[in-house]
Amino acid sequence: MCMNEENQSPQLTEDEKKLFEELMPEDLDEILETGVNRRHFLKLIALASGGVLAAQSAAAEQVLTRPIEGPVTDFSPTTIENGVNVSFNVNGSARKLTVDSRMTLLDTLREKLDLTGSKKGCDHGQCGACTVIVNGRRVLSCLTLAASCEGKTVQTIEGLAQSDTGSAVRLHPMQEAFLKHDGFQCGFCTPGQICSAVALLEEAKNGHVSYVTENIRRTAGPVQLSTEEIRERMSGNLCRCGAYPNIVAAIQEVYSGKPVGQTWQFVG
């Protein structure tokens, strides 16, 4: 298929013309004028799946293996639909960018700011892999609009470790505890688990109760984090590898400031 220099529309070969004339006569005039677009391509795919292209297999192969012509999508701020300006602080740095008003915080972090530590698991707020900390509170970034974070402080897994003098990086105590207790296996859920655990400690310190808190009417104060409390408060973060006991031990060690013994159960 060659390109017509005057109108930039593809020229069909005789075999291709015959193919479209026999199978898609209602679209022939449009195809001759503007070339094959995605709608025509999908029609051909449907016909191919129905097994009706056997007699025209050579011509169909020419069309189906040819790149579809079309303009390259421009994602510059001037072409963003429903664009809004958002200014917030991310991991200690002031950031200002233009995003679609419907864009989630998770997509903004990953696609606009290259902070890919926060993972997109279910994208429905059910797995917790996307958990980040906004103004000290943990949120599901896949359900949080970026535009709603205007003027707020966002902390992701990349912002927990601190750089010491020079090039050395000092891990957050929760990160160190997860390493010590093997609180991860595949690691996909780990960024969300750690961010959730860090925020959990602040919630307990500020007296936020949970479903298993014994006395929710007592005077406000720090909540003692038992194993049951930690399990309940971390229940929104799923680990398909099943590292839950190790995760609880890591959180308990950071909370108590005392070493937590590692218990291993072997089969047999």
Side-chain angles (χ1 to χ4, degrees), residues 91-92 105-106 109 115-122 125-144 153-162 164 169-216 218 220-266:
N91 295 332
L105 176 59
L106 175 61
L109 293 172
L115 296 173
T116 56
S118 304
K119 305 305 182 191
K120 179 178 285 193
C122 65
Q126 298 176 346
C127 72
C130 68
T131 304
V132 298
I133 304 172
V134 178
N135 282 3
R137 302 288 297 272
R138 49 181 166 165
V139 303
L140 297 168
S141 60
C142 75
L143 298 183
T144 304
T153 298
V154 178
Q155 190 173 35
T156 71
I157 189 66
E158 292 90 345
L160 291 181
Q162 301 294 324
D164 289 331
V169 175
R170 179 167 49 87
L171 294 179
H172 188 281
M174 191 64 71
Q175 291 174 307
E176 293 179 340
F178 265 66
L179 287 171
K180 174 183 175 181
H181 289 276
D182 290 329
F184 54 88
Q185 289 183 39
C186 78
F188 189 85
C189 73
T190 306
Q193 297 274 7
I194 293 178
C195 285
S196 188
V198 170
L200 177 158
L201 296 182
E202 285 300 311
E203 292 171 6
K205 180 179 179 181
N206 294 331
H208 299 172
V209 299
S210 77
Y211 182 77
V212 298
T213 303
E214 292 184 4
N215 186 0
I216 63 174
R218 64 180 178 77
V223 175
Q224 297 299 311
L225 288 180
S226 62
T227 298
E228 290 72 23
E229 281 280 3
I230 293 175
R231 287 175 177 169
E232 169 62 24
R233 292 168 187 264
M234 290 293 293
S235 61
N237 291 81
L238 305 184
C239 173
R240 294 184 178 183
C241 300
Y244 296 117
N246 307 32
I247 292 171
V248 172
I251 298 172
Q252 189 66 258
E253 181 165 309
V254 176
Y255 167 69
S256 65
K258 301 177 182 178
V260 173
Q262 295 174 319
T263 57
W264 306 96
Q265 295 182 355
F266 296 94

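Applying the salt bridge (charged side-chain N to carboxylate O under 4.0 Å, His left out) test to pairs two or more places apart or on separate chains, those with a residue in residues 127-139 are Arg138-Glu203. For residues 233-244, the set of pairs meeting the salt bridge (charged side-chain N to carboxylate O under 4.0 Å, His left out) definition, not counting sequence neighbours, comprises Glu229-Arg233.
Taking every heavy atom of both residues into account, Cys142 and Cys130 meet most closely at N-SG, 3.4 Å. Taking each heavy atom of Gly121 and Cys127 in turn, the nearest pair found is CA-SG, 3.8 Å. The shortest heavy-atom contact between Gln193 and Leu238 is NE2-O, 3.6 Å. Across every non-hydrogen atom of Leu143 and Gly125, the tightest pair is CD1-CA, 3.6 Å. Across Phe178 and Ala197, no two heavy atoms sit closer than the pair CE1-CB, 4.5 Å. Between Ser141 and Val132, the shortest heavy-atom distance links the atoms CB-CG2, 3.9 Å.
Applying the side-chain hydrogen bond (donor to acceptor under 3.5 Å, both in side chains) test to Tyr255 and every residue at least two apart in sequence or in another chain returns Gln224. Not counting sequence neighbours, Glu214 has no partner by the side-chain contact (heavy atoms from CB on, under 4.5 Å) test. Residues passing the side-chain hydrogen bond (donor to acceptor under 3.5 Å, both in side chains) test with Lys120 are Asp107, sequence neighbours excluded.
Side-chain N or O atoms of His181 include none that pairs as donor or acceptor with a backbone N or O of Gly183 at under 3.5 Å. At distances below 3.5 Å, at least one donor-acceptor pair connects side-chain atoms of Thr213 with backbone N or O atoms of Ser210. Side-chain atoms of Asn237 come within 3.5 Å of backbone atoms of Gly192 as a donor-acceptor pair (strictly under, hydrogens ignored).
The distance from the OH atom of Tyr244 to the CE atom of Met234 is 9.5 Å, given to the nearest 0.5 Å. One finds the OG1 atom of Thr144 at 9.5 Å from the CG atom of Leu106 (value rounded to the nearest 0.5 Å). To the nearest 0.5 Å, the span separating CG on Leu225 from CD1 on Ile251 amounts to 9.0 Å.
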Output a table of donor-acceptor pairs, distance under 3.5 Å, between side-chain atoms of residues 153-161 and any protein atom two or more places apart or on a different chain; print 'none' if there are none.
| from | atom 1 | to | atom 2 | distance (Å) |
| --- | --- | --- | --- | --- |
| Gln155 | NE2 | Gly159 | O | 3.3 |
| Thr156 | OG1 | Asn91 | ND2 | 2.9 |
| Thr156 | OG1 | Glu158 | N | 3.3 |
| Thr156 | OG1 | Glu158 | OE1 | 2.6 |
| Glu158 | OE2 | Thr116 | N | 3.4 |
| Glu158 | OE2 | Gly117 | N | 2.7 |

Legend entry - Trace of the side-chain contact (heavy atoms from CB on, under 4.5 Å) decision for Gln252 with Ile230: CA-CA 8 Å; Gln252 189 66 258; Ile230 293 175; 3.5 Å; yes
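Put simply, the side chain of Phe184 does not reach to within 4.5 Å of the side chain of Ile247, judged on heavy atoms. Side-chain contact check for Met174 versus Leu201: some heavy-atom pair is nearer than 4.5 Å. At least one side-chain heavy atom of Ile194 sits under 4.5 Å from a side-chain heavy atom of Gln175.
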